[in-house]
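See below for the structure under consideration.
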Amino acid sequence: MTQTDTLIQRTPFLDKKPSSLRYFQEGPSPIDLGQWRLDVKGLVAQPLSLDLAAIRALSAARHHRRTVCVCLWTIKRHWCGVLLRDVLELCGVDLNDPTLYLRQLSNGAAKGHYDSTIHLQSAIARNAILAYEVDGAPLTLATGFPLRLIDFGLFNYKCVKALRSLEVTRVNKLGYWEKHSGYDLDGTVQAKKYYAVDLQRKVWFGGTGEVMDSDI
Ligand SMILES: Nc1nc2c(c(=O)[nH]1)N[C@H]1C(S)=C(S)[C@@H](COP(=O)(O)O)O[C@H]1N2
Ligand SMILES: [Mo]
């Protein structure tokens, strides 16, 4: 085993996972990291345009947790990023205001942008992250390079890959999948049986919908 191998955190049966591209509606578009910025705007005291180095400079948040797709599959992977809270605090957002929402917009490609809006206070309470690595390696174009939001209590369609901007707003706008397929605007993970790709069997999630570290 090489030294690199020991740093990569492997997810069992990753080859059985549905293709990331299949779940990337606008398609991935090459991003020049020199030009790329995450714009944080809207109801913020200080709008910011952050490059990836500025985001990586914040304390790292690591989670070995499940993401869950509304199409009834789930996978547990090693995510690394920063807490959404830490980025929004830099911009002076009132994280205790229950009337705020966060609109995420993807970088966009030939087929337009992908967007989703989530309830801000809930996402902060659930320790939502902005992830730049999965399984010990930087995100690829297909998995959302350079940055994706993950709220482990929400279905994956509420978590945008290849982020371009975050807008703090009071408007809970319909996002891509809510408009195209009538998916629920709230998007909380529902108590149901899901196919766990990494376990190669179905698992039951009950409770509030948030899939915790300690869960299967
Ligand atoms: N930009 C963007 N982000 C997105 C999507 C998308 O189409 N475009 N699809 C969502 C859905 S429905 C899923 S299931 C996950 C897939 O993530 P994965 O590539 O890690 O499987 O990305 C989510 N984030
Ligand atoms: Mo999905």
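We count ligands from 1, going down the list as the structure has it; atoms in each ligand are counted the same way. Note that the coordinates shown come from a computational prediction; the quantities given were computed from them, not determined experimentally. Nothing fancy with the numbering, it's 1 onward along the sequence.
The closest heavy-atom contact to atom 7 (O) of ligand 1, among the options R77, Q25, R164, H113, comes from Q25. Comparing heavy-atom distances from atom 23 (C) of ligand 1 across L105, V160, N156 singles out N156 as nearest.
Salt bridge present: D39 and R164 bring a charged side-chain N and a carboxylate O closer than 4.0 Å. The pair D115-R103 meets the salt-bridge criterion, since a charged nitrogen lies less than 4.0 angstrom from a carboxylate oxygen. Of the charged side-chain nitrogens involved, none lies within less than 4.0 Å of a carboxylate oxygen, so that E26 and K161 do not count as a salt-bridged pair.
Contacts with ligand 1 closer than 4.0 Å are made by no heavy atom of Y183, backbone or side chain.
Each of the following atoms of ligand 1 lies closer than 4.0 Å to a heavy atom of C159: 4 (C), 23 (C), 24 (N). With ligand atoms numbered from 1 in the order given, ligand 1 contributes 18 (P), 19 (O), 21 (O) to contacts under 4.0 Å with heavy atoms of K17. Residue contact check: W177 has heavy atoms under 4.0 Å from atoms 12 (S) of ligand 1. For ligand 1, the atoms sitting less than 4.0 Å from at least one non-hydrogen atom of S106 are 1 (N), numbered in the order shown with element in parentheses. Listed by number with element, the atoms of ligand 1 under 4.0 Å from a non-hydrogen atom of F24 are 1 (N), 6 (C), 7 (O), 8 (N). Atom numbering of ligand 1 starts at 1 in the shown order; those under 4.0 Å from a heavy atom of C69 are 14 (S).
Residue, atom and distance of the protein heavy atom nearest to atom 5 (C) of ligand 1 are Y23 O, 3.1 Å. Among all protein heavy atoms, the one lying closest to atom 3 (N) of ligand 1 is K161 N, 2.9 Å. Protein heavy atom closest to atom 20 (O) of ligand 1, with residue, atom name and distance, is R148 NH1, 2.9 Å. Given atom 8 (N) of ligand 1, the protein heavy atom at minimum distance is E26 OE1, 2.9 Å.
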Show your reasoning for whether side-chain hydrogen bond (donor to acceptor under 3.5 Å, both in side chains) applies to T11 and D198. CA-CA 7 Å; T11 294; D198 51 301; over 6 Å; no
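Distance check, rounded to the nearest 0.5 Å: OG of S181 to OH of Y157 gives 10.0 Å. R148 CZ to N156 CG: the interatomic distance, rounded to the nearest 0.5 Å, is 5.5 Å. Between L21 atom CG and T143 atom OG1 the span is 9.5 Å, to the nearest 0.5 Å.
Across S29, S165, P30, a single residue satisfies side-chain contact (heavy atoms from CB on, under 4.5 Å) together with N107, and that is S29.
Taking the six-membered ring where the residue is Trp, F152 and H63 present tilted rings, their angle falling between 30° and 60°.
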